[in-house]
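Here is the naming used below: chain letters follow the sequence lines, and residue numbers restart at 1 for every chain.
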There are 2 protein chains.
Amino acid sequence: MSEHHRMTRQRRVILEELRRLSTHPTADEMYGIVRKRIPKISLGTVYRNLEMLAETGTIRIVRTCGRQMRFDADLSDHVHAVCVRCGKVIDMPGASPAVHPGIPGPAGSGFRQIATRTEIIGVCADCTGGEAECEG
Amino acid sequence: MSEHHRMTRQRRVILEELRRLSTHPTADEMYGIVRKRIPKISLGTVYRNLEMLAETGTIRIVRTCGRQMRFDADLSDHVHAVCVRCGKVIDMPGASPAVHPGIPGPAGSGFRQIATRTEIIGVCADCTGGEAECEG
DNA sequence: CTACCTGCAAACCCTTTGCAAACCG
DNA sequence: CGGTTTGCAAAGGGTTTGCAGGTAG
């Protein structure tokens with residue numbers, strides 16, 4: 001119930017490592033990375049810390065059309081490109097999404113708009129040769 | 001390995017029922033609906049048929065920031081609005097997304113762009129009163 | 001007939017949780 | 001010290017899959 005958060009070694013290392021990356025790692029990838037410095041850390045701890053860091057606005061959770069959550073320490077407003085083959089997420093600096101609003105749902109359905117989320121779908125350099133099935 | 005698909009009763013009913021809806025149901029919701037007409041149908045069959053119908057381009061899989069897949073028989077190009085409280089997806093007719101492209105990733109990373117996916121995040125009429133944690 | 005499809009149930013993957021011990025402040 | 005946090009392991013939810021029996025063409 002409290003709002004006091006302690007800076008444990010686990011939390012510090014997770015944040016340090018995430019900030020070192022621009023690859024938007026999954027929880028599992030973070031687990032692998034952090035384990036090099038804290039071999040006994042558990043995956044549950046990684047999830048709990050990433051979730052808390054996101055709640056306090058220190059990092060962001062990146063939810064793409066892919067199945068796994070990804071995490072990003074870059075809080076600036078930027079667009080992500082998602083590889084439909086491997087799920088990798090890369091930044092698209094300079095891309096600027098714009099949504100010219102329409103009328104939500106069956107006329108005036110009372111939908112209160114908070115934000116817009118745009119991602120670019122494609123195939124990354126490592127995966128060239130395949131096709132997509134991500135939808136919009 | 002074949003490309004021949006049979007029109008089974010299960011497949012026909014799933015497609016009929018999906019076409020009757022504009023609510024972008026989850027697999028589980030489809031299961032509930034179809035079971036009224038085919039009580040013994042299994043959830044696995046529902047998933048397999050929805051997947052195949054999507055592969056053949058008859059329907060679309062709608063992947064939002066939410067955890068569950070949703071399905072849509074409306075193949076036209078349209079924007080979805082996602083409720084962050086309940087996950088419901090509604091259509092936003094008239095909304096037109098535009099992405100002014102930037103340079104993908106670390107200069108010329110070879111990302112081949114296929115599409116853009118935009119969704120509107122907000123709170124639906126039934127859920128007014130809460131807040132968000134969906135990211136972009 | 002027979003390749004494709006179904007129902008069932010178990011397997012899978014990712015994420016979340018309960019709990020007792022460890023730890024920060 | 002006392003409330004947080006951890007490690008472990010099990011539970012949870014959504015989706016996928018193996019299999020043997022059923023069925024469309």
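- Side-chain proximity of T8(B) to the nucleotides dC5(C), dG7(D), dT16(D) is greatest for dC5(C).
- Between the side chain of R60(A) and the backbone N or O of L75(A), at least one donor-acceptor pair lies under 3.5 Å.
- Residue T45(A) places no side-chain N or O under 4.0 Å from the OP1 or OP2 atom of dT5(D).
- Nucleotide dT17(C) holds its P atom 13 Å from the CE atom of M52(A), rounded to whole Å.
- No option in D126(B), T64(B), T23(B) other than D126(B) meets the side chain to side chain donor-acceptor pair (under 3.5 Å) test with K88(B).
- N49(B) has its CG atom 9 Å from the P atom of dG7(C), to the nearest Å.
- Nearest-nucleotide mapping onto DNA chain D: of A27(B) and M7(A), the residue sitting toward the 5' end is M7(A).
- Exactly one residue among R117(A), H24(A), R70(A) makes a side chain to side chain donor-acceptor pair (under 3.5 Å) with H80(A). That residue is H24(A).
- Between the P atom of dG14(D) and the CZ atom of R70(B) lies a distance of 11 Å, rounded to the nearest Å.
- The interatomic distance linking R12(B) (CZ) with dA24(D) (C1') rounds to 11 Å, in whole Å.
- Of the residues in residues 32-42 of chain A, those placing a heavy atom less than 4.0 Å from an atom of DNA chain D are K40(A), I41(A), S42(A), in numerical order.
- Phosphate contact (OP1/OP2 of dT5(D), side-chain N/O of R11(A), threshold under 4.0 Å): present.
- Side-chain to base pairing of R48(A) with dG18(C): one donor and one acceptor N or O lie within less than 3.5 Å of each other.
- Atom OH of Y47(A) and atom P of dC14(C) are 8 Å apart (whole Å).
- Summarising the geometry, the separation between CG on D28(B) and C1' on dG13(D) is reported as 10 Å, rounded to the nearest angstrom.
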Problem set entry | Worked verdict on D72(B) versus H78(B) for side chain to side chain donor-acceptor pair (under 3.5 Å) | CA-CA 11 Å; D72(B) 193 350; H78(B) 60 283; 3.1 Å; yes
For this session: Tell me, with the steps shown, if D74(B) and S76(B) meet side chain to side chain donor-acceptor pair (under 3.5 Å).
Result: CA-CA 6 Å; D74(B) 176 359; S76(B) 74; 2.8 Å; yes
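- Across every non-hydrogen atom of Y31(B) and I41(B), the tightest pair is CE1-O, 3.3 Å.
- Going from atom CG of L43(A) over to atom P of dG12(D) covers 18 Å, rounded to whole Å.
- Rounded to an integer number of Å, the gap from CZ of R6(B) to C1' of dT2(C) is 8 Å.
- With E17(A) as the fixed residue, the salt bridge (Lys or Arg N to Asp or Glu O under 4.0 Å) test singles out one of R12(A), K36(A), R11(A), R37(A): R37(A).
- Nearest to the side chain of Q10(B), among dT15(D), dT5(D), dG7(C), sits dG7(C).
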